[in-house]
Amino acid sequence: MGNLEYSYFFMWGKRGCSYCQLTQELFFEKQLPHTIYFLDENPQLLTEVKQHFNWKTVPVIVEQRGDGSQEFIGGHSDFVKYLNDTNLD
């Protein structure tokens, strides 16, 4: 778990996904810097992202740390747990 002051988050998902919407709301609520890629129009790229992280569902969430390292977080419930573990719940 990184120091969130120096973290940036990336999320890949689909617009019709309720968990993607909930995750997006958490980014704004917690004022976490982030970029969201909705890949409804590019299903091949979404498949490649999921395969890269060995993840079957959306959203796919990754933390980019200030030191350049990355941590794969997982999906929405994993992100909620991550926030709880970093005392941002």
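- Y82 has its side chain out of reach of D78: every pair of non-hydrogen atoms, C-beta onward, lies at least 4.5 Å apart.
- Listed by chain and number, the residues in a side chain to side chain donor-acceptor pair (under 3.5 Å) with T47 amount to none (sequence neighbours excluded).
- With a 4.5 Å cut-off between side-chain heavy atoms of Ile, Leu, Val, Met, Phe, Trp and Tyr, the cluster of F28 takes in none.
- Annotation for Q31: atom CD does not count as buried by contact number, only 12 or fewer foreign heavy atoms lying within 6.0 Å.
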For residues 36-43, which side-chain N or O atoms pair as donor and acceptor with protein atoms under 3.5 Å away, sequence neighbours left out?
unit_1: D40; atom_1: OD1; unit_2: R15; atom_2: N; d: 2.9
unit_1: D40; atom_1: OD2; unit_2: R15; atom_2: N; d: 3.1
unit_1: N42; atom_1: OD1; unit_2: L45; atom_2: N; d: 3.1

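- For S18, the side chain to side chain contact (heavy atoms under 4.5 Å, CB included) test picks out no residue, with sequence neighbours left out.
- The shortest non-hydrogen separation linking H76 to P59 is N-CG, 3.8 Å.
- Legend: residues meeting side chain to side chain contact (heavy atoms under 4.5 Å, CB included) with K81, ordered by chain and number and at least two apart, are D85.
- When all heavy atoms of K56 and K50 are compared, the closest pair comes out as O-NZ, 3.5 Å.
- Legend: residues meeting side chain to side chain contact (heavy atoms under 4.5 Å, CB included) with E29, ordered by chain and number and at least two apart, are L26.
- The CD atom of E63 sits 13.0 Å away from the OH atom of Y8 when rounded to the nearest 0.5 Å.
- Using a 4.5 Å cut-off between side-chain heavy atoms of Ile, Leu, Val, Met, Phe, Trp and Tyr, with links allowed through other members, L46 and F10 fall into the same hydrophobic cluster.
- For the side chain to side chain contact (heavy atoms under 4.5 Å, CB included) test, residues two or more places apart in sequence or in another chain that qualify with D67 are R65, S69.
- Between F27 and F79 there is a side-chain heavy-atom pair separated by less than 4.5 Å.
- Annotation: ring-ring contact (aromatic ring centres under 6.0 Å, His included) contacts of F53 (sequence neighbours excluded): W12, F72.
- Not a single side chain to side chain donor-acceptor pair (under 3.5 Å) links Q24 to another residue, sequence neighbours left out.
- To the nearest 0.5 Å, the span separating CZ on F9 from CD on E71 amounts to 8.5 Å.
- Contacts of S77 classified as side chain to side chain donor-acceptor pair (under 3.5 Å), with partners at least two apart in sequence or in another chain: none.
- By the rule that hydrophobic residues join a cluster once side-chain heavy atoms approach within less than 4.5 Å of another member, L83 and I61 end up as members of one cluster.
- Legend: residues meeting salt bridge (Lys or Arg N to Asp or Glu O under 4.0 Å) with K14, ordered by chain and number and at least two apart, are absent.
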